[in-house]
S.K.: 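Here you go, one structure.
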Amino acid sequence: MPPKKKFSTEQIIEAAWTIAKAEGIDSMTIRKVADQLGSSIAPIYVNFSDAKELKQAVVKKVSQVGQQMIREQHTGSPFGDIGAASLQFALEYPALFRDLAMKPNDYLQNYDQDLGTELVNHMKTDPELTGFEEQELRMILLKMRVFQTGLTMMVVNRKLPPEIDLKRMKELLDSVAEDVVIAARLRKQENGSG
């Protein structure tokens, strides 16, 4: 007879999320999650076959939290919302950000592709990006992600001058986004397709 479920899947994911926020996904173990719950490891194995499956559930939660942060930004620009949410995530969850962005891992195998599609769809609602084809939007997104990832790494590792607060970081993101879009529009015009 299998062990009786003592904790719901959601409770286990929340306990794992608590550990991942503080220590990163790589530091999360079944034993630590059980300790967080005040339990043996048995209830966790009733809900998850192994630590990898539990980590994937936490990565799914990371994605949900990130998407919620994007929806809450209201910068007036989908592009600005994406950048501001990324900075907010890095500031609130530096250990998670380091694990996901700075270390080789396979946690995000499908995440990047799914997120990219969702972000491009979000970008299509921006009047400033009207006239760009999907592939052009993907290139704009890639360029912004390269910049934004670098900026976010500087934030997480405390490499920015102290006078650069969150407001100034968002202004910097907006300025670079504007530059990237202007350059893409000029390139499109030069190639005769805009």
S.K.: Grouping I, L, V, M, F, W and Y whenever their side-chain heavy atoms are under 4.5 Å apart, do Leu172 and Leu166 come out in a common cluster?
M.R.: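 In one cluster with Leu172: Leu166, yes.
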S.K.: Would you indicate whether Glu128, at its atom CD, is surrounded by more than 12 heavy atoms from other residues, nucleotides or ligands within a distance under 6.0 Å?
M.R.: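 Counting neighbours around CD of Glu128, 12 or fewer heavy atoms of other residues, nucleotides or ligands fall under 6.0 Å, so no.
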S.K.: In sequence, state the C-alpha distance, the side-chain angles, and the governing distance for Lys124 and Glu134, and then conclude on salt bridge (charged side-chain N to carboxylate O under 4.0 Å, His left out).
M.R.: CA-CA 9 Å; Lys124 288 177 181 177; Glu134 178 143 346; 2.8 Å; yes
S.K.: Under the ring-ring contact (aromatic ring centres under 6.0 Å, His included) rule, what pairs show up with a residue in residues 20-53, not counting sequence neighbours?
M.R.: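 ring-ring contact (aromatic ring centres under 6.0 Å, His included) check on residues 20-53 returns no pairs.
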S.K.: Should Lys188 and Glu136 count as an ion pair when the cut-off is N to O under 4.0 Å?
M.R.: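 Yes, charged N to carboxylate O under 4.0 Å.
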S.K.: Only one of Val155, Thr149, Val156 clears side chain to side chain contact (heavy atoms under 4.5 Å, CB included) with Met153; which?
M.R.: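 With Met153 as partner, Val155, Thr149, Val156 yield a single side chain to side chain contact (heavy atoms under 4.5 Å, CB included), made by Thr149.
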S.K.: Could you walk me through whether Tyr93 and Phe89 pass the ring pair (Phe, Tyr, Trp, His ring centres under 6.0 Å) check?
M.R.: CA-CA 6 Å; Tyr93 309 114; Phe89 186 89; 5.0 Å; yes
S.K.: Evaluate the criterion side-chain contact (heavy atoms from CB on, under 4.5 Å) for residue pair Arg98 and Asn157; output intermediate values, then yes/no.
M.R.: CA-CA 9 Å; Arg98 282 186 196 98; Asn157 292 306; 3.6 Å; yes
S.K.: Report, one line per pair, each donor and acceptor closer than 3.5 Å where one atom sits in a side chain of residues 12-19; sequence neighbours left out.
M.R.:
residue	atom	partner	partner atom	Å
Glu14	OE2	Lys61	NZ	2.8
Thr18	OG1	Glu14	O	3.0

S.K.: Crowded around Glu171 CD? As in, over 12 foreign heavy atoms under 6.0 Å?
M.R.: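 Yes - once you tally the heavy atoms of other residues, nucleotides and ligands closer than 6.0 Å, there are more than 12.
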S.K.: If you apply the rule side-chain hydrogen bond (donor to acceptor under 3.5 Å, both in side chains), what do you find for Thr117 with Arg138, and how did you get there?
M.R.: CA-CA 9 Å; Thr117 299; Arg138 287 188 178 280; 3.2 Å; yes
S.K.: Any carboxylate oxygen within less than 4.0 angstrom of a Lys/Arg side-chain nitrogen, looking at Arg31 and Asp35?
M.R.: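 Answer for the salt bridge query: yes.
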S.K.: Side chains of Glu72 and Gln88: any donor to acceptor distance under 3.5 Å?
M.R.: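 Result is no, nothing qualifies.
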S.K.: Applying a strict under-4.5 Å side-chain criterion to I, L, V, M, F, W and Y, I'd like to know whether Leu129 and Leu186 cluster together.
M.R.: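 Different clusters.
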